[in-house]
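Let me begin by presenting the structure, written as structure tokens, before commenting on it.
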Amino acid sequence: MNVLAYRDGTLFNQLFRKFEPFFIEKRESLGRKFRFMEVCGTHTVSFSKTGVRDLLSPYIDLTSGPGCPVCVTDQADIDQMIAYAKKENVIITTFGDMMKVPGTRTNLYKERAEGADIRVVYSASQALQIAQEHPHKQVLLLGVGFETTAPSIALSIMRAKDEGVKNFFVYAAHKLTPPAVKSLINDDNHKIDGFILPGHVSVIIGREGWRLLEEHQIPAVISGFEPIDLLTSTYLLTKEMEQSDYTIKNNYTRNVKEAGNEKAKSILEEVFTISSPKWRGFGSLPFSGMEINSAYEEFDASKRILCETPKSRVVKGCRCGEIVKGKETPFDCKLFGKACNPDRPLGPCMVSSEGTCSTYFNYERANKKVSL
Amino acid sequence: MNVLAYRDGTLFNQLFRKFEPFFIEKRESLGRKFRFMEVCGTHTVSFSKTGVRDLLSPYIDLTSGPGCPVCVTDQADIDQMIAYAKKENVIITTFGDMMKVPGTRTNLYKERAEGADIRVVYSASQALQIAQEHPHKQVLLLGVGFETTAPSIALSIMRAKDEGVKNFFVYAAHKLTPPAVKSLINDDNHKIDGFILPGHVSVIIGREGWRLLEEHQIPAVISGFEPIDLLTSTYLLTKEMEQSDYTIKNNYTRNVKEAGNEKAKSILEEVFTISSPKWRGFGSLPFSGMEINSAYEEFDASKRILCETPKSRVVKGCRCGEIVKGKETPFDCKLFGKACNPDRPLGPCMVSSEGTCSTYFNYERANKKVSL
Amino acid sequence: MCLSMPAKVIEIDEQRRTAKVDYLGSQLQVGIELLEKVETGQFVLVHAGEAIQLINEEEAIQSIRYWKELTQG
Amino acid sequence: MCLSMPAKVIEIDEQRRTAKVDYLGSQLQVGIELLEKVETGQFVLVHAGEAIQLINEEEAIQSIRYWKELTQG
Amino acid sequence: MKVLLSHGDGGRATHQLIKEVFQASFNDVELDKELDAAILDQQGGRMAITTDTFVIRPLFFPGGDIGKLAVTGTINDLAVSGARPAFITVGFILEEGLELDTLKQIVQSMARTAEEAGVRIVAGDTKVVEKGKCDQLYVNTTGIGFCNEYIKLSYQHIKQGDRVIINGGIAEHATSVLAERMDVPLSSNVSSDCRILNGIIDQLLTEFHTIRFMRDPTRGGIATTLKEIAEHAEIDIWLEEESIPILPEVRGTLELMGLEPYYMANEGKVLLIASEEESERIVDFLKAIPGQENASVIGHVSNGEGSVFLKTSTGGTRILDMLSGEPLPRIC
Amino acid sequence: MKVLLSHGDGGRATHQLIKEVFQASFNDVELDKELDAAILDQQGGRMAITTDTFVIRPLFFPGGDIGKLAVTGTINDLAVSGARPAFITVGFILEEGLELDTLKQIVQSMARTAEEAGVRIVAGDTKVVEKGKCDQLYVNTTGIGFCNEYIKLSYQHIKQGDRVIINGGIAEHATSVLAERMDVPLSSNVSSDCRILNGIIDQLLTEFHTIRFMRDPTRGGIATTLKEIAEHAEIDIWLEEESIPILPEVRGTLELMGLEPYYMANEGKVLLIASEEESERIVDFLKAIPGQENASVIGHVSNGEGSVFLKTSTGGTRILDMLSGEPLPRIC
Ligand code: SF4
Ligand code: SF4
Ligand SMILES: [Mg+2]
Ligand SMILES: [Mg+2]
Ligand SMILES: [Mg+2]
Ligand SMILES: [Mg+2]
Ligand SMILES: [Mg+2]
Ligand SMILES: [Mg+2]
Ligand SMILES: [Mg+2]
Ligand SMILES: [Mg+2]
Ligand SMILES: [Mg+2]
Ligand SMILES: [Mg+2]
């Protein structure tokens with residue numbers, strides 16, 4: 001398989017020339033640009049980084065959705081994780097994405113400079129290994145992520161139990177994507193013509209994982225992340241607008257099966273139980289999260305490591321809550337690029353590399369001709 | 001009190017001019033130089049550093065005795081201490097003197113470079129404080145020293161008990177001085193005309209501590225460490241040779257009482273019990289050491305911290321064993337200043353700053369016109 | 001939200017349930033516990049150090065062929 | 001074998017059984033638990049962070065005087 | 001044998017170390033004198049001075065080691081400034097417990113690199129710190145060079161229409177050290193590009209006369225360096241993604257970790273800004289030099305206000321900025 | 001605010017740090033240019049180069065701080081070499097978590113010292129390492145100076161009968177940092193002697209013509225430095241204990257710890273070897289300078305083979321050697 005086939009510039013350009021008249025025609029017939037939402041943060045970055053967003057911009061407004069796990073994590077969860085980092089004898093293990101997410105008063109990056117033992121890991125199994133290497137310490141993995149990431153964390157918990165590891169803990173703040181998308185659809189203020197659904201979440205939950213969307217009869221396509229994926233998914237979605245059978249289209253068949261990854265789903269079920277956590281911007285969403293269940297309670301940091309609950313407050317003026325819902329863009333935030341920038345991020349959307357504000361700061365300023 | 005009075009160069013020179021004819025007369029009448037032993041390592045250093053040894057050398061051969069605590073410590077004890085340093089979770093606390101003492105294979109200085117946690121302390125109470133600051137570590141103090149140092153270590157053990165410190169341990173290798181001196185007197189090969197007795201040991205044990213020497217009818221003077229102390233003690237000892245009442249003379253009355261420091265002695269009795277340890281050079285000497293007694297056993301490293309017993313071997317050619325007995329001088333050792341020097345000491349006498357070899361290396365090469 | 005790469009399996013350690021995979025010439029050790037089964041030579045999708053799916057190569061080839069043909073149509 | 005210095009007591013902390021002593025203008029905190037009693041202004045002999053003896057100043061002065069007189073005799 | 005604290009206390013052990021390790025390898029008469037300063041006979045001209053400290057991990061990497069890197073980095077800083085490197089000083093910080101053999105290897109590597117570059121190492125210093133107060137070994141190199149009077153490189157000479165040239169593939173150094181630095185079970189055959197450039201640059205400056213400015217894109221990568229140039233020169237720079245040379249395995253490694261090649265360090269690359277007219281000939285000249293075969297024009301200069309734009313292969317445009325924060329492995 | 005790793009990654013935060021801390025304090029046009037190397041107009045003459053890294057603890061001590069010390073040490077190395085210090089480069093290693101204010105204070109102290117000495121700080125570098133991989137802050141300074149043609153100082157000029165002169169009390173720097181470095185509950189009013197000597201040395205070299213050689217007795221103290229001189233010059237040096245200036249509280253502090261003043265560091269002292277004829281006048285000249293009142297002839301040179309002897313106040317003789325191993329507090 002040639003990984004690079006989906007990046008092929010020549011094919012991309014041929015396709016774009018092929019689709020462009022169709023995009024123009026549809027825009028003219030509708031009397032406005034279409035408004036699609038890319039749910040996934042990785043899509044947000046890909047559309048920008050490849051320049052496809054820029055290329056499509058005469059026809060399509062691409063809005064970014066709630067698909068950056070760091071961005072939708074509730075401020076209280078962020079603060080709680082930082083509070084754990086301050087505890088003596090605790091080693092925090094985390095994916096790099098979390099390091100600079102601003103808590104109410106500080107962040108992990110700064111806490112490390114203050115002496116907290118915080119290690120960036122690339123995988124959950126690396127975190128488990130650190131626990132095994134430091135039996136006298138409590139090793140806590142920050143469990144942030146969607147359906148894609150959660151199975152590997154569930155696996156590490158199962159392995160810890162298997163191997164009798166007593167000092168490995170997970171702070172489980174995992175989220176499920178469909179409930180967030182559903183909540184957006186139910187919101188009447190939303191003018192979204194179609195959804196580009198997250199390819200890698202779909203790898204786990206399958207096309208069938210989106211069934212609840214079908215009843216709302218909104219066009220939706222599961223997409224990959226390469227330029228040709230992005231372009232063709234947008235094309236398919238435009239076609240759906242014209243005439244749809246109201247089934248979720250799968251434009252990522254090389255990776256996404258009807259039922260997803262059944263083994264991963266069963267592992268999630270083994271370790272987690274469905275919960276209704278708070279999301280940034282959304283508030284509490286029913287059945288939208290995963291908690292460690294009672295059989296694995298001994299690995300649940302929130303139950304097994306005592307820690308005060310810090311007071312949380314969102315930075316005044318930060319629009320992340322609206323941005324993750326796709327209701328505003330970073331350009332609507334007065335702080336964007338001024339008080340808030342990647343060096344001194346004020347909200348999570350500016351810090352995560354796939355946060356909408358960060359992506360727009362890094363990639364979109366050129367097109368908006370915004371000098372910041 | 002003027003601390004510097006006993007260093008006064010003018011008075012020293014006046015006294016020397018006064019004593020010199022007497023020294024000459026006595027040497028002539030005896031037909032040879034007198035041979036005195038300074039028992040104490042600090043005396044060894046003081047005689048050399050001040051140049052008094054050099055000045056007296058036409059009349060008096062000053063031999064160095066077993067008064068360097070590091071030098072008389074048995075090789076097995078040294079190796080045992082180093083073995084403790086290699087243990088994980090153990091912090092070794094030690095007076096600086098021990099750092100470079102060669103064990104059979106390595107020394108503390110090198111073990112620290114290998115990662116052992118070894119801290120140089122200035123007092124036993126500092127070691128106890130380190131234990132209190134690191135409750136999860138076992139903190140082990142290397143208890144090397146004579147009667148002068150032992151009370152402060154005993155005190156730290158009592159305090160640890162008082163304050164319920166559970167992670168403070170002492171490796172007790174303390175030695176008593178009089179039994180070593182007695183063993184030298186009993187040795188017929190020795191041609192010692194008189195002893196300069198250690199002033200600071202005497203501070204603790206008092207003049208009465210030396211009573212066992214009186215029966216042997218060998219001249220002995222308790223001396224301080226300043227130039228005038230050294231000179232006048234030598235003078236008194238020479239006078240004793242002529243006519244003695246065979247009592248120990250006290251030329252350090254400002255610090256040494258008849259009964260010594262009774263409080264210190266009672267503290268030693270409270271914590272320690274008399275033992276018969278091995279000394280380098282001497283082998284086992286009866287009633288010549290102090291062990292932690294059963295009431296304080298919980299602080300005894302040798303009883304409470306499991307550790308393998310390493311194999312010990314003395315460096316081939318090293319004469320330390322004979323040197324601490326005053327039977328040889330460093331110049332008799334083939335390694336002196338060549339394979340063995342303060343940068344790469346092979347025996348303890350070269351490493352301790354008051355070891356005889358180290359002292360001779362640092363101060364006496366000039367006079368012997370030895371180029372090394 | 002879930003950076004993943006398609007990589008070729010070049011070595012499997014059944015004992016430890018890991019595999020060495022190759023992506024554009026660089027090799028990474030990944031877990032394979034989330035896969036039913038996998039063989040060397042197959043492609044897997046890698047996320048956060050775990051292979052999260054066996055890639056359907058047939059589909060990969062077909063899709064791209066479909067889009068290529070479309071440009072000629 | 002037992003490096004010790006005569007130092008003047010300048011401050012006593014009875015609570016902690018320590019004293020601040022002065023030796024030639026530099027000050028050190030030492031334990032005083034090995035002494036029966038001690039007052040500021042007195043001299044003590046310091047070894048390894050502990051005062052191990054109260055110095056007999058009278059004797060100190062007398063001795064040196066004795067040796068001085070001897071040179072004149 | 002290991003480094004002990006006494007190797008750094010200025011006494012006998014320090015002298016021995018200096019003699020056995022440094023003098024033996026660097027082999028300069030000024031070092032042998034063991035004076036407080038090297039004294040160098042009559043020197044003259046416009047003088048260039050640069051200093052850099054190297055705190056990298058791992059000490060040894062495919063294609064080099066910290067010693068080679070430290071000498072190379074300083075030589076290249078002088079070279080891109082238009083100076084002929086002449087003298088280097090070396091200041092070590094060693095961690096107690098470092099293997100002496102490790103130190104020797106590094107020192108010998110420095111000596112080789114300096115010799116290859118025709119540069120003298122004339123003064124040095126060594127300190128040893130307690131175990132745990134350093135990561136094995138840090139080293140500072142300070143370099144002194146002299147400039148030809150007629151060569152004046154400056155931000156101010158950069159003009160609209162000028163071309164941006166690079167002498168080969170980007171991000172190779174950073175990629176070669178990535179796995180070990182990030183503690184990730186990753187391997188690739190990427191070698192660091194670590195290489196002295198003074199010879200090549202000397203040739204370029206002799207051969208071509210419209211080189212406006214040069215920089216070596218080390219920490220922060222080509223993005224950061226070009227952004228610095230754009231800001232200082234008050235121009236815009238436009239890059240073509242497709243013409244930026246990058247090895248597939250470099251791209252692969254970085255994508256696996258979620259990192260961008262434009263922000264990753266190079267240690268044997270130079271960014272040249274030159275006239276449009278000469279640019280192709282410069283590239284051809286470079287390509288003829290072994291190891292520089294991937295040299296390429298990667299962009300051009302336009303009037304502007306200090307932005308760097310990247311035209312992607314799909315035809316879109318995005319911005320490049322300075323690096324913000326150390327690159328960390330990401331999952332999203 | 002604290003130093004973060006991103007302050008050292010060469011990106012935006014590094015630039016900010018450079019601007020706000022270094023450029024603001026050092027205030028040199030070459031630094032403002034942010035180029036790879038400082039370019040200095042036509043320089044000429046015999047050139048002296050020296051480098052030193054400073055890893056001291058504590059960072060602040062009575063009489064100075066690591067910044068003052070780092071500039072002073074390098075200026076003095078140039079000055080004792082007979083050179084007029086001209087340029088200094090500064091290379092920092094910062095520990096993640098260091099207070100930025102601490103850094104600023106140190107940088108300002110460097111700037112003040114350099115200004116006082118009439119020296120420009122023309123290039124710099126900053127790296128940040130993870131918490132626990134450095135002891136707050138290390139700094140390298142490299143100095144460049146130029147020598148008057150007619151001044152030639154050399155071991156070879158030292159002759160039998162020459163005198164050894166020091167410009168004041170010994171061991172003051174080491175004593176001032178002792179308590180904190182050894183973690184001992186000790187206090188004394190000893191201030192470090194940390195002081196730039198280029199002005200004084202310049203005057204001496206103008207005024208007197210039989211100064212054979214100079215050294216600043218830093219690490220290892222006067223014993224180590226004189227032993228080095230004796231060995232290199234193949235002569236013996238005889239010191240008179242009673243003429244070596246030493247403050248009583250320095251002596252007291254060191255005796256309490258069992259340490260010898262001859263092996264302890266000085267940071268504002270110079271050992272001069274000069275002819276017997278000029279030696280007393282040199283001392284008188286020094287004594288007239290504020291802060292140099294304790295200058296003294298402390299010994300003389302004889303033919304020999306590289307030994308240093310100390311005549312004690314009681315009339316005895318002992319040997320001084322190089323420092324062997326870091327000085328540790330002792331009980332015996
Ligand atoms: S720009 Fe910053 S403050 Fe504004 S919404 Fe984005 S993250 Fe929040
Ligand atoms: S010189 Fe060295 S080897 Fe010889 S007796 Fe002394 S310590 Fe032992
Ligand atoms: Mg010097
Ligand atoms: Mg530089
Ligand atoms: Mg550089
Ligand atoms: Mg130096
Ligand atoms: Mg230190
Ligand atoms: Mg550079
Ligand atoms: Mg120097
Ligand atoms: Mg110096
Ligand atoms: Mg630099
Ligand atoms: Mg690092």
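Proteins get letters first, then strands, A, B, ... in listed order; numbering begins at 1 in each.
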In terms of heavy-atom pairs under 4.5 Å with chain E, which of [options] leads?
options: F/Thr14, F/Thr142, F/Leu153; answer: F/Thr142
options: F/Gly143, F/Cys134, F/Ala83, F/Gly91; answer: F/Cys134
options: F/Val129, F/Val128, F/Asn76, F/Val122; answer: F/Val129

Under 4.5 Å from any heavy atom of chain F, what part of [X] do you find: side chain, backbone, both or neither?
X: E/Leu4; answer: neither
X: E/Glu228; answer: side chain
X: E/Tyr155; answer: side chain
X: E/Thr225; answer: neither
X: E/Gln16; answer: neither

Interchain contact, F/Tyr263 with chain E, by part (heavy-atom threshold 4.5 Å):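 No part of it gets close to chain E.
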[X] and [Y]: which non-hydrogen atoms are nearest, and at how many Å?
X: E/Tyr138; Y: F/Lys133; value: OH-O, 2.6 Å
X: F/Thr126; Y: E/Arg219; value: O-NH1, 3.2 Å
X: F/Ala123; Y: E/Thr50; value: CB-CA, 4.3 Å
X: E/His232; Y: F/Asp32; value: NE2-O, 4.4 Å

Residue, of E/Gly82, E/Gly220, E/Ala48, that accumulates the most heavy atom pairs under 4.5 Å with chain F: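 Of E/Gly82, E/Gly220, E/Ala48, E/Ala48 has the most heavy-atom pairs under 4.5 Å with chain F.
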Contact leader toward chain F among E/Asp135, E/Leu78, E/Val80, E/Thr224, where contacts are heavy-atom pairs under 4.5 Å: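 Option with the greatest count: E/Asp135.
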Looking at [X], I'd like to know if its [atom1] atom is crowded, meaning that more than 12 non-hydrogen atoms belonging to other residues, nucleotides or ligands lie closer than 6.0 Å.
X: F/Glu231; atom1: CD; value: yes
X: E/Arg212; atom1: CZ; value: yes
X: F/Glu260; atom1: CD; value: yes
X: E/Arg120; atom1: CZ; value: yes

Candidates F/Ile93, F/Val139, F/Asp52, F/Asn140 - the one meeting side-chain contact (heavy atoms from CB on, under 4.5 Å) with E/Asn140: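 Testing E/Asn140 for a side-chain contact (heavy atoms from CB on, under 4.5 Å) against F/Ile93, F/Val139, F/Asp52, F/Asn140 leaves exactly one candidate, F/Asn140.
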E/Thr53, E/Val90, E/Asp125 screened by side-chain contact (heavy atoms from CB on, under 4.5 Å) with F/Thr53, the one that passes: E/Asp125
Test log, rule side-chain contact (heavy atoms from CB on, under 4.5 Å), inputs E/Ile144 and F/Ile49: CA-CA 9 Å; E/Ile144 295 157; F/Ile49 306 180; 3.3 Å; yes
